[in-house]
Protein chains: 2
Amino acid sequence: MSAGGDRERTWQAGPVRVRVTLPRREERPPKERLTRERIVDTAMALMASKGYDAVSMRSLAKALDTGPASLYQHVANRDELDQLVIDRIARQLEIPEPDPEHWAEQLKDVLRQMRDLYHEHPGSARAAMAQIPTMEGSMRAAEGIMAICVAGGISPQAAAWMCDLAALYVSAVGYEESLWVQRQNSTAPGEEPDHEAIDAEMVELWNQLPPELFPLLTKYAPEMTAGDGQDRFEFAADVLVSGLAAVSEKYR
Amino acid sequence: MSAGGDRERTWQAGPVRVRVTLPRREERPPKERLTRERIVDTAMALMASKGYDAVSMRSLAKALDTGPASLYQHVANRDELDQLVIDRIARQLEIPEPDPEHWAEQLKDVLRQMRDLYHEHPGSARAAMAQIPTMEGSMRAAEGIMAICVAGGISPQAAAWMCDLAALYVSAVGYEESLWVQRQNSTAPGEEPDHEAIDAEMVELWNQLPPELFPLLTKYAPEMTAGDGQDRFEFAADVLVSGLAAVSEKYR
DNA sequence: ACCTGAACACCGTTCAAGT
DNA sequence: ACCTGAACACCGTTCAAGT
């Protein structure tokens, strides 16, 4: 019952017996203090386990064992919460040291990283889309893309607009993926998406297409349904990077 | 008070006096019958005048002078309503007769048309993003893009994946624009967006950037903030089309 | 067959009152 | 300074009852 008391720990490290007194960490006294940190942590955990739609000011408050009003002491509103979440995620981006010889592959790597971050944090893409990116985390992505492109000889104007285009595309992809996931496991939340079920649904959809109205979609149904999200993303990254190289001089 | 009675109209057409009895159109008897048509019309009008967020099953019902439950007789749910709305909009796409010589310009034209449709129907991009496109209207865009690309010698696989990429990018642009509009005139809804105010806010944002953390964003602030939505869209369309041409053979 | 009032289980946000 | 109960003005959807 000694809530909040100092904690001791002892263990054997080889021949030595170690005994430390841990600093008085808040270890759940009746009520742990609410902080932005804790709110964002909990929001991310909730989003990861139950999806974006499961995160509301009220459900979040309940997860923190308090009432919705308490959150407004630390977070201006729902919008700012979303912003804090995607900021936290964007900080994990690792921008490579620009290498002029390999700018194209480096740029693709950053795009892949962005996609992976959205993927690892299901629902985060929806939070990213719902806002105009203004926070430090999102700015780092832009700074990194600029560095890679400029080092690679891309004109600054083309590189600058590419930051926009890339961010928009990647978040849209993440958003779309989250829709499939949400739809597919609306019954069993928190599960991995069942790619086979999704594919089956897709194929079904294409088979029902009236050929008189959509001759080409019918003819090229195999191409339209070919590949998974990975393949399509690689294609898109390829198009974006090749396109950037192709038009760079026009926007000098 | 003769609700629902036949209507007569007479007028002078040159020397002739014309008198017609109009067919008994439902002209608002106590209650006009609810139809999908009327529901979608009203939803689009509401969205255009007050934005996507102003359209709810309840507000829509009120605009139709009924209760929310009545809508469910004609529309499965909110999701289907969104689908019907963007289907209606997508039908307005005019696919050009494919001309192999000018496939690139034709493809850009279709992208511009898509962007313009979202722009003309504020909020529709948000409805488009919120769903996996499955309806006839959206399929027409894909059919048209395939026709133009294949005529232009693009490999079917690259063309097929381009349909995805293009739709995703254009709807994301529309979505982002709707966020600015909504933010900017949250006080005065239904107004044209104030581009100067938006630009001023953007510039302000860039000026506050710490140069130690973001040397390139600071150095290239003019490029980062250059151009309006139109310029950026033209750049993106250029990148996408040039990129498609560049990678087409790789995805044969 | 179509419509509807009332209810259910939710939202975000505010504010006065508490510690 | 921080927290909170209660309230306000909303959501989407269902269902039994009405015409």
Side-chain angles (χ1 to χ4, degrees), chain A residues 3-4 26 28-43 46-47 49-85 123 126-127 129-131 179 182-183 186-187 189, chain B residues 3-4 26 28-43 46-47 49-85 123 126-127 129-131 179 182-183 186-187 189:
Chain A
E26 315 96 294
R28 307 239 168 212
K31 215 85 185 211
E32 198 171 349
R33 264 177 118 284
L34 222 48
T35 60
R36 266 179 169 236
E37 280 283 294
R38 234 154 63 76
I39 291 172
V40 174
D41 285 344
T42 311
L46 205 53
M47 222 167 66
S49 67
K50 298 193 173 164
Y52 182 78
D53 286 331
V55 183
S56 67
M57 296 304 271
R58 295 178 107 100
S59 66
L60 181 53
K62 195 168 289 175
L64 286 159
D65 194 29
T66 181
S70 306
L71 303 179
Y72 288 86
Q73 206 76 210
H74 302 90
V75 164
N77 50 37
R78 174 65 212 258
D79 227 62
E80 196 187 65
L81 177 64
D82 276 352
Q83 213 144 305
L84 291 170
V85 167
R126 301 176 73 181
M129 289 257 29
Q131 72 194 252
L179 291 179
Q182 145 180 279
R183 248 253 299 233
S186 54
T187 40
Chain B
E26 316 95 294
R28 307 241 168 210
K31 215 83 183 214
E32 198 170 348
R33 263 175 120 284
L34 222 46
T35 61
R36 266 177 170 239
E37 281 282 294
R38 232 155 63 77
I39 291 173
V40 175
D41 286 344
T42 310
L46 204 53
M47 221 167 66
S49 67
K50 298 192 174 165
Y52 182 78
D53 285 331
V55 183
S56 67
M57 296 303 271
R58 295 179 108 100
S59 66
L60 181 53
K62 195 168 288 175
L64 286 159
D65 195 28
T66 181
S70 306
L71 302 179
Y72 289 85
Q73 206 76 211
H74 302 92
V75 165
N77 51 36
R78 174 65 211 258
D79 227 63
E80 194 186 67
L81 177 65
D82 276 351
Q83 212 145 304
L84 291 169
V85 166
R126 301 175 73 179
M129 289 257 28
Q131 71 194 254
L179 290 180
Q182 146 182 279
R183 248 254 298 233
S186 55
T187 40

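Computation of the quantities below employed the complete heavy-atom set of this structure, encompassing side-chain atoms and omitting hydrogens, waters and symmetry-equivalent molecules. So you know, we letter chains A, B, ... as the sequences are listed, proteins then strands, and number each from 1.
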(request) With the side chain counted from C-beta on, respond yes when A:Leu84 and A:Ile39 share a heavy-atom pair under 4.5 Å apart, and no when they do not. (result) no
(request) Choose from D:dT13, C:dC11, C:dC3 the nucleotide whose nearest atom is closest to any side-chain atom of B:Arg58. (result) D:dT13
(request) Starting at atom CG of A:Asp53, determine the distance to atom P of C:dC11, rounded to an integer number of angstrom. (result) 11 Å
(message) Taking 4.0 Å as the cut-off, does a side-chain nitrogen or oxygen of B:His74 come that near to OP1 or OP2 on C:dC2?
(response) no
(request) For nucleotides C:dA9 and D:dA9, find the distance between their P atoms and express it as a whole number of Å. (result) 23 Å
(request) Return the value, rounded to whole Å, for the distance between atom NZ of B:Lys62 and atom C1' of D:dG12. (result) 15 Å
(request) Report yes if at least one side-chain N or O of B:Arg33 is closer than 4.0 Å to OP1 or OP2 of C:dC2; otherwise report no. (result) yes
(message) Looking at every non-hydrogen atom in both residues, tell me the closest pair between B:Val85 and B:Ala43 and how far apart they are.
(response) CG2-CB, 4.2 Å
(message) In the structure I gave you, are the side-chain heavy atoms of A:Leu81 and A:Met57 within less than 4.5 Å of one another anywhere?
(response) yes
(message) Please give me the minimum heavy-atom distance between A:Ala54 and A:Ser59, naming the atom from each residue.
(response) O-OG, 2.7 Å
(request) Measure from CE on A:Met57 to P on D:dC11 and round the result to the nearest Å. (result) 19 Å
(request) Nearest-nucleotide wise, let me know which of B:Asn77 and A:Pro68 is further upstream toward the 5' end of DNA chain D. (result) A:Pro68
(request) Let me know the distance between CD of A:Gln73 and P of C:dG18, rounded to the nearest Å. (result) 17 Å
(message) Does the Lys NZ or Arg CZ of B:Arg36 fall within the cation-pi geometry relative to B:Tyr72 - under 6.0 Å from the ring centre and within 45° of the axis?
(response) no
(message) Could you report the tightest heavy-atom contact between B:Ala130 and B:Asp79, atom names first, then the distance?
(response) O-OD1, 4.5 Å
(request) Let me know the distance between CG of B:Leu81 and P of D:dT13, rounded to the nearest Å. (result) 10 Å
(request) May I ask you to say what A:Arg78 touches in the nucleic acid, namely base, sugar-phosphate or nothing, with a heavy-atom cut-off under 4.0 Å? (result) sugar-phosphate
(request) Return the value, rounded to whole Å, for the distance between atom CG of B:Asp65 and atom C1' of C:dC3. (result) 13 Å
(message) What is the separation between atom CG on B:Leu60 and atom C1' on D:dC10, rounded to the nearest whole Å?
(response) 16 Å
(request) Fill in the dot-bracket string of DNA chain D, one character per base: . for unpaired, | for a pair to another strand, ( ) or [ ] for pairs within the strand, taking Watson-Crick or G-U pairs under 3.5 Å. (result) ||.|||||...|||||.||
(message) I want to verify a distance call: between C:dT14, C:dC3, D:dG12, whose nearest atom is closest to the A:Ala69 side chain?
(response) C:dT14
(message) Any base atoms under 4.0 Å from B:Ser56, or only sugar-phosphate, or nothing? Heavy atoms, all strands.
(response) sugar-phosphate
(message) Quick check: closest heavy atoms across A:Val55 and A:Arg78, and the distance to 0.1 Å?
(response) O-NH1, 2.8 Å
(message) How many whole angstroms separate atom OH of A:Tyr72 from atom P of D:dA6?
(response) 18 Å
